[in-house]
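One structure below.
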Amino acid sequence: MKRSITRLLMAPSVILLLAWMIIPLSMTIYFSTIEFSLYNPDQNGFVGWENFEFFITDPAFMPAVANTLILLLSVLFITVVFGVMLSALIDKPFYGQGIVRVLLISPFFIMPTVNALIWKNMMMNPVYGIFAWISTSFGLEPIDWLSNHPLMSIIMMVSWQWLPFAILVFVTALQSQDTEQKEAAQMDGATGLHIFRYLTIPHLARPIAVVVMIETIFLLAVFAEILVSTNGGPGYDSTNLTYLIYNQALLQFDVGTASAGGLLAVVLANIVAFFLIRAVGKNLTV
Amino acid sequence: MTLNQQRKFKTFLTGLFAWSVALVLFFPIFWMFITSFKTELQAISVPPALFFEPTLENYVEVQERSDYVKHALNSVITSFGSTILALIIAIPAAYSMAFFPGKRTKDILLWMLSTKMLPAVGVLMPIYLLSRDYGLLDTRAALVIIFTLMNLPIIVWMLFSYFKDLPKEILEAARMDGATPWDEIVKVVLPLSLGAISSTALLSIVLCWNEAFWSLNLTPSDAAPLTAMIASYSSPEGLFWAKLSAASTLACAPIVIFGWFCQKQLVQGLTFGAVK
Amino acid sequence: ETQITVATVNNGHMIEMQKLTPAFEKAHPDIKVKWVTLEENILRQNVTQDIANKSGLYDVMTIGMYEAPIWGDRGWLTPVDVSGSYDVDDILPSIRQGLSHEGTLYAAPFYGESSMVMYRKDLVKDAGMTVSDRDSWEHIRDVAAAVHNPDEGVYGICLRGKAGWGDNMALVTTIANSFGARWFDEDWKPQLESKEWKQAVNFYVDLVTKYGPPGSSSNSFNESLALFNEGRCGMWIDATIAASFVTDPAQSKVADQVGFAQSPISATEKGANWLWSWSLAIPAATKKAEAAQTFVRWATSKEYIELVGETNGWAAVPTGTRTSTYENAKFQKAAVFAEAELKAINSADPTDSTLKPSPYVGVQFAAIPEFQAIGTTAGQMISGALSGSMSVDQALKSANVSADRQMRRAKYY
Amino acid sequence: MSYLTITELQKHYDNYHALRGINLSITEGEFLVFVGPSGCGKSTLLRTIAGLESSTGGTIELDGRDITELASSKRDLAMVFQSYALYPHMTVADNLSFALRLAKVPDAEIKEKVRSVSASLQLDPLLDRKPKELSGGQRQRVAIGRAIVRQPKVFLFDEPLSNLDAALRVQMRLELARLHKKLGTTMIYVTHDQIEAMTLADRVVILNAGQIEQVGTPLELYRQPNSRFVAEFIGTPKMNLIPANKAALQDNNLAIDLLGNQIDFPANRLKESLSASTIVGIRPEHMTLVEQDGDIQGRIELVEHLGSEAYAHIQLGNDQTIIVKAPARSELKDGQDVSINIDVQEIILFNENDRVISVIPEEA
Amino acid sequence: MSYLTITELQKHYDNYHALRGINLSITEGEFLVFVGPSGCGKSTLLRTIAGLESSTGGTIELDGRDITELASSKRDLAMVFQSYALYPHMTVADNLSFALRLAKVPDAEIKEKVRSVSASLQLDPLLDRKPKELSGGQRQRVAIGRAIVRQPKVFLFDEPLSNLDAALRVQMRLELARLHKKLGTTMIYVTHDQIEAMTLADRVVILNAGQIEQVGTPLELYRQPNSRFVAEFIGTPKMNLIPANKAALQDNNLAIDLLGNQIDFPANRLKESLSASTIVGIRPEHMTLVEQDGDIQGRIELVEHLGSEAYAHIQLGNDQTIIVKAPARSELKDGQDVSINIDVQEIILFNENDRVISVIPEEA
Ligand SMILES: Nc1ncnc2c1ncn2[C@@H]1O[C@H](COP(=O)(O)OP(=O)(O)OP(=O)(O)O)[C@@H](O)[C@H]1O
Ligand SMILES: Nc1ncnc2c1ncn2[C@@H]1O[C@H](COP(=O)(O)OP(=O)(O)OP(=O)(O)O)[C@@H](O)[C@H]1O
Ligand SMILES: [Mg+2]
Ligand SMILES: [Mg+2]
């Protein structure tokens, strides 16, 4: 077919996304160079790099970057590892498989704010939460999740949300695994564990890449859970970059600094994406 | 134990384990559901009240306070509307990328995905100002546009991956039969990829349905979807867990049930080109 | 027919107001009211964006004592029409003062609150202690120690710990005030590293860690309320509005055992209890100012309070705004906490809340735009100190550095 | 002495009775081929022997040991799959050594075994490639290599050549035959290609609907089929089957009325008495086209020239089409009337139950 | 009169020159078959004719019109794909009528055409099924029906039978031949199965590495190959090629020294003079095994019994293995020494460039 037609077909998507990227981005770049606080909308002189400097020198900045990465990597790790194991498990036939699947994927459909509220108030509360109740029932000291392990608590909530997504993708992928290969391995003397290790995991390489890619996009943007449960605290222990920007933009109404932060986040996201695409990109488009 | 018995026992163990994990993971949702039938006092009682007289009081309260139907309708319209719009825009692009790849196709695809890296919080103000200037604040249109653009890259990508796995010969056969590109898309590609399209759509709908940031900032009132409704039940002064549970149950139920019904589709279509 | 959009916070009194809308619409058939009810944080974001960008989505917005003077100063708000039957003089003077800028009332108080001590009479008595009307913090600590019995699931004292300028910092500021501290000196230099702050925060952290429930660093009003109503707190120092919840048998297991007292003091009485009011304001950008005024006047009138009293019982009326409410015999009878609450509110003075002189208005906050950022960061640090992830000195130092950055950037000096 | 003995083997799927009592004994070193139409249970039988399916009745004994309940990984059998089922992410070398590594064989020994197998199958230049970089025939060889390297007691093959193109199939078939000769290991081979069955097998097992129809050497099956099913199944082009109207015994000969013409059949070859409706089976290569006065007449519908020979498709009086093998250069024209001579010695008769009622003597 | 004329057709892929100047003229109604080894460009040529690949040089003319640059949908050709490429979401009836509906043919006419095609291909009972509910052969028929219904100028087939099993392949091959006879439409057929090529084609085009090696009728190619490539490619089992040491002219005969034995070859059949290294090509069916005193000697390595005949794989003195066709019942044993007679009339000689240097006369 003619090149021109293929271009024409792609045009709407490309143009829209280009606009979606360029217009806000250029406005953001503009805002990041002026003094722009919602409380003083009339003062908007050019300030150069000041907003960036202010954002980077914020004592919360480095912890936020670190937390962003820890959150990202931990959730990726948890969802991929448990996702692979659970999907391998529910891929085999057993009684009530359909219902188990439905139950397993349900958390993915729950709104992030609701997720955080449920976990914070009903699960993790050290006095009247379910976890505390379980601990005390066993005679243990309840863990004060949000105070003592704030980032881990956030990681748990986010993982709970995204694990089902990983399971969904992996279950789909497992359906295409060649049964004859597994049988061949069986004849070769492989146990179930061997098959999982030597056949299933390599088979899942590409779906894992997909899950990592998509989750990364969303995990870099996590903030609702933080806002609802810990407000980024205690200290900066659960502040991530997105929450820090949120803090600037919507708690302090400092649009200039928030824009600068936003741009820095784009840079960070692209650095992550660069490594990610290097690592898994080959798998994505082949 | 005979071979058969061994296998049965293994199956039993698998089932047992899978069931336990599923129940544990589902528990928070179950608990939210249960809590929605408690009084506020029961909701915070220690140890947790397992046996209690269920009350519908919370649902009545939600019904009185919020126009659930309006919010639900907004959610449905914005998530379905933007998904349909995004599909309409994405399908031709994915088709052209999958069946007529050029040297740049891969780069374009990765670039598209990278537009998703823009943190929403960072560009809130530009979008807010644009919406204000074009009179889009508190309109469904604003959400539809934003959701569409937000999900477009993933939709293009998912469809692209799937289309690439379609047997090329079928399209060639259609071409030999005299089909134009339009015929090819509408009469061959679309019917063949219904599974993928519906799972893509489902994913997009779920993401839109649960999107809270833009809906809270741009459409808090008339066009407010269910996520905004939740915001009127979370953390007021006073006990709120039971009422919040009821509101959350109402807000999540449609999409969860929808997801359950489409689970098969979702599992079939989420291949991301992984099935060869 | 005019339709006005009212943005409000999702607290109980506002919900009540929403439910009573038909009464208003009946009295003013040409006005229709549309409600946007949001959680506090989200509401604040929303209305701030709306008003700062002049988007004009809302005709009436619910704002706090923090915003009213700042926004009034910016000219973003239309002054409240206090003419005629409105009886502006009935409004409690400290509240009125907090909502005014240069003598003009920019927001009509819907309900007001201060902080006070709520305690379990039974537990305190069993422990052989007493709580008097205005104790020192040291005494409160001793009572907490006496009542504290975690094995039985009872904790000595429940206090806010969740980071946020309106959350933990509201309480911590009042403690600091009573220890003689202030946010800024006369030159707007942040004073968080002062001796008084250190004393106060050390005391607070010590108290909560020793006698507070687990998880305090993520508790705010609601979490404490839940604990208290479950019978797990010997004492609770928080907003006066809590009084109506803890005495409500439908919500509280300990409704008949609650005693009230004024917030504790230490070096000074000044600023020992906070002052806050949720109020209705009319953005300057609205095109429906007239209808909005009508609504605001109705919702914050004596008649409205009466309406609630008659409809839902006098224990449920919005309090802390008008003298007349406290003079009402029916209210006095229904609300055991009436006296304590009025006393608390009246004793707070937003213009003079620190021992040493300070340049800002506000008891538990400073009514300047930068305070949100400063207070939020300080809140995070102090909750960090509370959870043990840093020392008090470190926390205050970080908070001070951060505040200094903000003030410098805003060119205060 | 039987090496692998299968007794009354049954396999029920949920709703399908796939194996209906299979009895078979296989001697050591034998090359046994299962053939039969699609769905007859060949794969099921093979997989049950392999332990990949559990049997629902009967026993399997290997080398004196009952392996019916043994896990497949412990049976010491190797299998080559139709799809080859190579491990796609491993190199050829890793594919070959996988089973040995699992069995924790010492590295040096693994290396040695892989080397020897790869040398004998000419895989040396491919050892570092991944399966997707191999051609069909090469994959096939790797799959076989993977089986050989373990030195199992029995090799099982499930249609190993069916994914290859014709030329390669011929070549691989020969290689398999050579391999069997060299290794001398027992092999069980499933196919539905009867050329493979005929050329490879020591004995062929013909399966039909979950039961054994006949077991025998290829030539036995070709020349002395038990039933019409076997007769039709074995031989390309297929055996022609012509219904005979009447048959009467005259002297020592049976006079069969074949479409109006009478042919004489030596009656001493009859196994049982004739019934009214007899079917005459005659293979294409046992008929010759003659100018005139042949046993039956017909008209040429189509001639297929294969170069070395030709197949004439001939329409008979009863509208039936039969195939006759003709020499390569015969000048046959479509539409031409022809006369056909039948080699009566090679005729096989079937009764109405499709069982054979005549026998071709061992050496004619 | 040429109906489809291909002139100097070139096709470059990014990094591969797939067609290197193809010249071909096809008359109306002809059945032309492209054969050649895998990767030689058969599919590319067919797809270029179809317009599915754009050519990078040369022209294609159909019925007097230059179609080189025309979109495939406008060329009025129909194609049957190896994978059938049926529309999986449509019923058989919809598959058949799809092209007609696209062309906005009136409903009544569509109905009529589909009815007639489905009747002639016996698809009537299947019309309401979806492709996945059909067997391989049925799918095949639907794919053909889909092509027929449009009454195109030329049918293109790309290995349409290669996904079928052997028995079905034979049957479908016959159906195709009948179809061609009935419709009389020009057909171009790609296969790598030479039996198909031989039996179906009016003319066969042998492709090799993007070029035409030889064009001719099946028997021409079989008997008078131009080159060793063609000779080896056509005929199963393959032609045996034995290097001849010396050759000397004696009287009218050429004395060829074949592994020490001398055979006499009629010199009048030589097209060109002999070079030092000559290769003698002889097909398996042109040799016979004799007790003794044959032209050459060897030892039987392996005998494949096909029932109707047998292939003897014989190892010669130079360690080369040749295949000799033997009668079905020959009592050949592996390892037995044999003597072989060669039908000298059928010998074909090749020079060191693998071109033919002798010719078999038209009628021997
Ligand atoms: N898992 C199963 N569940 C139910 N029926 C099955 C199952 N596997 C096979 N069958 C049925 O058992 C019968 C025998 O199948 P099998 O695969 O052994 O046939 P086959 O002889 O190998 O055929 P083919 O030549 O097509 O491979 C078939 O009718 C098939 O439908
Ligand atoms: N899209 C392409 N890009 C590059 N090279 C190609 C492409 N398609 C085919 N080729 C190359 O062109 C050559 C001819 O391919 P073609 O498919 O025509 O072979 P073929 O004769 O049909 O082989 P087969 O019998 O295997 O189908 C092959 O070497 C192939 O690798
Ligand atoms: Mg099979
Ligand atoms: Mg091809």
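Residue numbering restarts at 1 for every chain, and letters A, B, ... go by the order of the sequence lines.
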Would you indicate whether the side-chain heavy atoms of A:F165 and B:L203 approach each other to under 4.5 Å? yes
Grab the two heavy atoms, one from A:M123 and one from B:P28, that are nearest each other, plus how far apart they are. CE-CA, 3.9 Å
Tell me, side chain or backbone of A:V228 under 4.5 Å from chain B's heavy atoms, or both, or neither? neither
So, taking the atom named OG1 in B:T14 and the one named CZ in A:F94, what distance separates them when rounded to the nearest 0.5 Å? 8.0 Å
Under a 4.5 Å heavy-atom cut-off, does chain B meet the side chain of A:Y30, its backbone, both or neither? neither
Bottom line for B:W209: the part with an atom under 4.5 Å from chain A's heavy atoms is both
What's the shortest heavy-atom distance between B:M32 and A:M122, and which atoms? CA-SD, 4.3 Å
So, the side chain of B:S96 versus the backbone of A:L9: is there a donor-acceptor pair under 3.5 Å, distance only? no
If one checks every heavy atom of B:I108 against chain A at 4.5 Å, the contacting part turns out to be side chain
Closest non-hydrogen atoms of A:S13 and B:I89, given as atom of the first, atom of the second and distance, are OG-O, 3.1 Å
Heavy-atom closest contact (A:N121 atom, B:F240 atom, distance): ND2-CZ, 4.1 Å
Under a 4.5 Å cutoff for heavy-atom pairs, which residue among A:A260, A:S137, A:G96 has the most contacts with chain B? A:G96
Given the options A:N270, A:T242, A:I118, A:T113, which has more heavy-atom pairs under 4.5 Å with chain B than any of the others? A:I118
Honestly, the part of A:L220 sitting under 4.5 Å from a heavy atom of chain B is side chain
Taking C-beta and beyond as the side chain, do A:W20 and B:I127 meet within less than 4.5 Å on heavy atoms? yes
Residue B:F258 versus chain A: region with a heavy atom under 4.5 Å: neither
Approximate separation, where rounding is to 0.5 Å, of B:L113 CG and A:I217 CD1: 5.0 Å
Side-chain donor/acceptor of B:N210 to backbone N/O of A:F109, under 3.5 Å: yes
B:I88, part contacting chain A, at a heavy-atom distance under 4.5 Å: neither
Sort A:L18 into side chain, backbone, both or neither according to what part of it lies under 4.5 angstrom from a heavy atom of chain B. both
Pick one of side chain, backbone, both or neither for B:A120, based on which atoms fall under 4.5 Å of a heavy atom in chain A. neither
Of the backbone (N, CA, C, O) and the side chain (C-beta and beyond), which part of A:V102 lies under 4.5 Å from a heavy atom of chain B, both, or neither? both
Contact class of A:I110 relative to chain B, heavy atoms under 4.5 angstrom: both
Which region of A:I105, side chain (C-beta onward) or backbone (N, CA, C, O), has a non-hydrogen atom less than 4.5 Å from a non-hydrogen atom of chain B, or is it both or neither? side chain
Decide yes or no for B:L130 and A:M27: does some side-chain heavy atom of the first lie under 4.5 Å from some side-chain heavy atom of the second? yes
Please flag which part of B:A86 lies under 4.5 Å from any non-hydrogen atom of chain A: side chain, backbone, both or neither. neither
For chain B, which candidate among A:M21, A:K92, A:Q97, A:Q177 shows the most heavy-atom pairs at distances under 4.5 Å? A:M21
Please identify, among A:L17, A:I99, A:V171, A:V114, the residue contributing the most non-hydrogen atom pairs under 4.5 Å to chain B. A:L17
OG1 on A:T216 to NZ on B:K116, rounded to 0.5 Å: 12.5 Å
Pairwise distance CG(B:L124) to CD1(A:I245) - rounded to 0.5 angstrom: 11.5 Å
Go through the atoms of A:F31 and report whether side chain, backbone, both or neither lie under 4.5 Å from a heavy atom of chain B. side chain
With a 4.5 angstrom heavy-atom cut-off, which part of B:T35 approaches chain A: side chain, backbone, both or neither? side chain
Given a strict heavy-atom distance threshold of 4.5 Å, which part of A:P164 is in contact with chain B: side chain, backbone, both, or neither? neither
Under 4.5 Å, counting heavy-atom pairs only, tell me which of B:A22, B:A94, B:S114 racks up the most with chain A. B:A22
Honestly, the part of A:L89 sitting under 4.5 Å from a heavy atom of chain B is both
Please state whether the side chain, the backbone, both or neither of A:F218 comes within less than 4.5 Å of a heavy atom of chain B. side chain
Derivation and outcome, side chain to side chain contact (heavy atoms under 4.5 Å, CB included), residues A:I130 and B:F27: CA-CA 10 Å; A:I130 298 286; B:F27 181 78; 4.0 Å; yes
In terms of heavy-atom pairs under 4.5 Å with chain A, which of B:I29, B:I255, B:V206, B:T115 leads? B:I29
Tell me, side chain or backbone of B:L244 under 4.5 Å from chain A's heavy atoms, or both, or neither? side chain
So CZ of B:F26 and CH2 of A:W160: to nearest 0.5 Å the spacing works out to 8.5 Å
In terms of heavy-atom pairs under 4.5 Å with chain B, which of A:L103, A:L86, A:L25, A:T28 leads? A:L103
Contacting moiety of A:L241, where chain B heavy atoms sit under 4.5 Å: neither
Of the backbone (N, CA, C, O) and the side chain (C-beta and beyond), which part of A:L117 lies under 4.5 Å from a heavy atom of chain B, both, or neither? side chain
Contact winner vs chain B - A:F223, A:Y246, A:F82, A:Y95, heavy-atom pairs under 4.5 Å: A:F223
Keeping the roles fixed (side chain from B:W19, backbone from A:V100), state whether a donor-acceptor pair exists under 3.5 Å. no
By a 4.5 Å heavy-atom criterion (distance strictly below it), what part of B:V156 contacts chain A: side chain, backbone, both, or neither? side chain
Got a second to check how far B:S75's OG is from A:M111's CE, nearest 0.5 Å? 5.5 Å
